[in-house]
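Each chain gets a letter, A, B and so on, in the order the sequences are listed, and its residues count up from 1.
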Amino acid sequence: MSMYDKLNEQQKEAVFCTEGPLLILAGAGSGKTSVLTHRVAYLIDEVGVNPYNILAITFTNKAAGEMRERVDKIVGFGSEQIFVSTFHSMCVRILRRYINLLDYDTSFTIYDTDDQKQLIKEVCKKLQIDTKIIKERTIQNKISSCKDELVTPEDFYLQSLGDVQLRKIADCYREYQAALKKNNALDFDDLLMKTVELFKAEPDVLRNYQDRWQYIMVDEYQDTNTAQFELIRLLAGSRHNLCVVGDDDQSIYKFRGANIRNILDFEHFYPEAKVVKLEQNYRSVQNILNAANAVIRNNSARKDKSLWSKKEEGERIHFRHFDTAKEEAEYVCRDIIKSVTHGESGYGENAVLYRTNAQSRMIEDQMVRENLPYRIVGGVSFYARREIKDLLAYLKTVDNGRDDLACKRIINVPKRGIGATSINKLQLAADERGVSFFDAVLHPEWADIKGAAAEKLSSFGNMILRMRVISEEQGPLKLLKEILDITDYINQMEVDTEEEAEDRIENIEELISKVASYEEEHDEPNLSELLEEIALVADIDSVTEGEDRTLLMTIHSAKGLEFKNVYLIGMEDGLFPSYMSISSGDAEIEEERRLAYVGITRAKEKLTISAAKARMVHGETQMNPLSRFVNEIPKSLFDIAPVKRQTYDGYYDSDTSDRGGYRRYDSYRDDEPVSFSGFKRTPDEPVKPSSGISPYARPRAFYQPKATPEEDKPFVARKENLGLLTKGSDIIAAKSGGALAVGDRVRHIKFGDGTITNIVKETKDNKITVIFDNYGQKIMYQAFAKLTKL
DNA sequence: TAGTTGGGTTTTTTT
DNA sequence: AACCCAACTA
C-alpha cells in the first residue's frame, strides 16, 4: 500500500497532475496541506524531479515551516533543497542578490508600516501637504494599493491629472519613493514590486530563476494580489508548471490588495488549466459544517461548491447572548476551564477568535483573573513596540548608516539634549550634500552647529562608530547588550507605571534572547540578516505547537489553523460585520461573511458563538444588535436559539443618517428573554447541555479563583510568567551576581556612588532604590543597572 | 530644550 | 480609552 492510497479521488487527481497549470479549489478543511505535501513527494519520488527545482509559496513563515516538516517526513531525501517560503521572504532573497541592477544597494533595510508612516509624514511636510486635509493614512493606503497593482509613481501621476487631491498624493508617492531610495530602504510592497521590476528589466535574471524553479506551488492563492500574480506568472514562464491552491470563500484580504480575480480568472489566463475541487471536509463535525454552509450561501460572488463530511453530527452549536462583554468573557473562560477540568480538552485545544484586536483585552483580563494559561497572537506586534523599535533602530543605525529614519529615531533616545532644531539643521545639511543624516551628525560644522550642541552630536556619533567595531568583532548579541549598557536604556526609559516598566523590560529580555538564539543558529551571525529575519516575521509565526495555552487572536490570524473548540465572540452587527463594512456596501459585507465562514470552519468539534448586548467601544457604551451572520444559521443547529430581532430589515439601511440605530436599546423587544447572565439561568429558558455536566448545575463559586496571595499563585497564567522567560531569566541570573542589601554602598556606571535605601523583590527582578551622592534618588532594576558593591 | 497639558482623533482586518 | 500632536510653560 502506498501513501497515496489514503487520499480520496479528487485529492489523488490533484497530486498526480504534475505538468501544466492546475487550480485546486480546496474548501475549508479539505486536506489541502496534505495534498500539497503529497504532491511534492510525488514529484520527487515518482516523477524524479530534483527538489532543488521546486518552489512552494505559503502565506506565513509558520506555514512554510510546517510544510517543509511534513514533506520531510514522507520524502526520502532532499526536502531541505525545496524552496519553501512566503512571497515576501522569497523576494528578499532575490533582491539581496540582484537589486544592485536596479540601482539599490543589496544591504537595503526593510521598512514596516510604522516606518512608512513616519517617512510619509516627512514627505508631506516637505511638500507642504496639510495632513489635516489629506490624512497620512489615506496616502499610505493609496501608495500601498498602487504598489499592489504595480502602478508606478509615473503611472499614478498620469491617472491623477484632473483631480487635485489625487495629484497631491501622486506627488507624495514620487517623493516617498525617492526618500526610500535615499535611505536605501524598501517597504513591504516594494519587496514584491521591485522583484517584478527586476524580472522585467533583467531577462537573464528571470531566466535563471525560471530554470531553477520548474515546478511552482502557491498556497492561499485567493489572497494573492496583482503583483504576486505577476510574479508567479513570470516565474512560471513558458513551462506553466504552476499549481495554485485556494478557496474563494476564504478570501479575506481584499483590504490588502488581494485580487479575487486571480482565482476566478485563472482558467481564462491559462486555458489549458486543469481544475480540481476538493469538497470533502475532514475537519469539522456536521453541525459546524452546516452552519458554515448556511452562512456562506448568502454570498453571491462565489464559485459554486458544497462541503460535505462523513463525520458525525456532533454537538450543537452553543450560542449565548450576554448583557455585557464582561459576562461574555467570564463565560468563555469558565467554559474553557470546565472543559479542561472534565478532561474534554487541553487549554491549547481551545481558541478564542474575534473580529478586532481590541477585543482581546477583556478576555485577557479575565484569563489572568482565572489563572488560565493563554497566549495572544497579534495586536501590537512585538517588533512594533516602542522599546523594541528603539533598540532595532540602534542596530539599524550601526548596520546601515544610510537609514535616516532609524538614526533620527534614536539620536535623542535616551535624552541627550539634541532637539528638533539641531535635527532639522542636520537634515538640511545632509540633503544639500546628498549624504545620509548620520554623515551629517559626524560633521556638525556642515550644519553650522557649534559649541555644546556640536559636542553632544559628536559624542553620539562616536558612540555609534564604536558600536560598529563591537558589532564587527563580537557580533549582534554583544552589540545589543553594549547598547543597553552604554545608553543605560532601561533606566532612562520613560514609563508611567511600574507595570509598564515591567512589561517593557520583559520585551527587551525577549529581544535579547531572540538575538541570542539567532546567534546560536547561525555560524556567521550577520547584523543585516538578523534585521531582515526580524522584519519579515508574522505574529503567528511564533506560535509553537505543544504549548498548552489557549490562543486568542483575530479571525484573520486564525486562517489556516484548526482547533477542537472555538469561541467566536463579539458577534454583533457593527462589530462583526464591522460598522465600516455595513456602511460601505454588499461587496464589503460579503468579505465579512467570508471572514465569518473562516471563523466557523476553524472549529473541529465544538463551536461557541457569543454576543453582548452592551459593550464599550472607544470609551462609549454601544448597544449593538446580534450579528446578521448568526441569524443566517438555522435555529435547529443551536443548543439555545438566538432570538431574532424584530426590526431586521431597514435597520442597516446605509443611506439613512440615523446611525444611532446601532446603539439604541429600544430596538430590542422588551420581552426578549435574557439568555444568560453569567451563570445565572433565567427560569423560563431550558438548558440543553449536549455533553458532560452542565456548567449551570455548578455553583458559580466553583470557578472563582481562590484568594491567593500574589507570590503563592502557582504558575503559568500570570502575565509576567508568559513569554520567553526561561531565557530571559538566565540573563538576569548571570548578570545580577552578588546579593545586595539595604544600606550597601554601590557604584553605578553612570550615576557613580550611592547608598541603597530600599529593595523590592519582584517576580523577575529586584527593584532597587539608591540615593546617589551626585544624582539623588533613582529606582532601578538590579539586573540591568549593574550595580557594583563597594 | 524638556516637560506638561489639553484637544482632537481613532480602528477593522496584516505580510 | 488610548494615542498623538501642537501649544504653552519652565
* Test side chain to side chain donor-acceptor pair (under 3.5 Å) on A/Asn298 and A/Glu590 and set out the steps. => CA-CA 8 Å; A/Asn298 296 287; A/Glu590 295 212 345; over 6 Å; no

* Looking at every strand, decide which applies to A/Lys456 at a 4.0 Å heavy-atom threshold: base, sugar-phosphate, or nothing. => nothing

* C1' atoms of B/dT13 and C/dC4, separation to the nearest Å -> 22 Å

* A/Phe87 near the nucleic acid: base, sugar-phosphate alone, or nothing, with a heavy-atom cut-off under 4.0 Å? -> nothing

* **Residue-level proximity of residues 419-429 of chain A to DNA chain B when a heavy atom falls under 4.0 Å** => A/Gly419, A/Thr421, A/Ser422

* Asked: Is A/Glu592 touching bases, backbone alone, or none of the nucleic acid, heavy atoms closer than 4.0 Å?
  -> base

* Asked: Under 30°, 30 to 60°, or over 60°: which ring-plane class applies to A/Phe188 and A/His88, parallel, tilted or perpendicular?
  -> perpendicular

* To do: Salt-bridge test for A/Glu364 and A/Arg361: reply yes if a basic N is under 4.0 Å from a carboxylate O, no otherwise.
  => no

* Please find out if less than 6.0 Å separates the ring center of A/His556 from that of A/Tyr354. => no

* To do: Under 4.0 Å from any heavy atom of chain A: name the first and the last nucleotide of DNA chain C that qualifies, 5' to 3'.
  => C/dA1 to C/dC5

* Base, sugar-phosphate alone, or nothing: which one does A/Asn412 contact when heavy atoms must sit under 4.0 Å apart? -> sugar-phosphate

* Looking for any heavy atom pair under 4.0 Å, which part of the strands does A/Arg361 touch: base, sugar-phosphate only, or nothing? -> sugar-phosphate

* To do: Using a strict cut-off of less than 4.0 Å between a Lys/Arg side-chain nitrogen and an Asp/Glu carboxylate oxygen, indicate whether A/Glu122 and A/Lys125 qualify as a salt bridge.
  => no

* State the CG-CD1 distance between A/Leu55 and A/Ile232, to the nearest 0.5 angstrom. => 9.5 Å

* When you check the gap from the basic side-chain N to the acidic O, do A/Arg409 and A/Asp390 get nearer than 4.0 Å? -> yes

* Asked: Heavy atoms under 4.0 Å, any strand shown: does A/Lys62 hit a base, just sugar-phosphate, or nothing?
  -> nothing

* Structure fact -> Bounded by its outermost nucleotides with an atom under 4.0 Å from a heavy atom of chain A, the footprint on DNA chain B reads B/dT1 to B/dT15

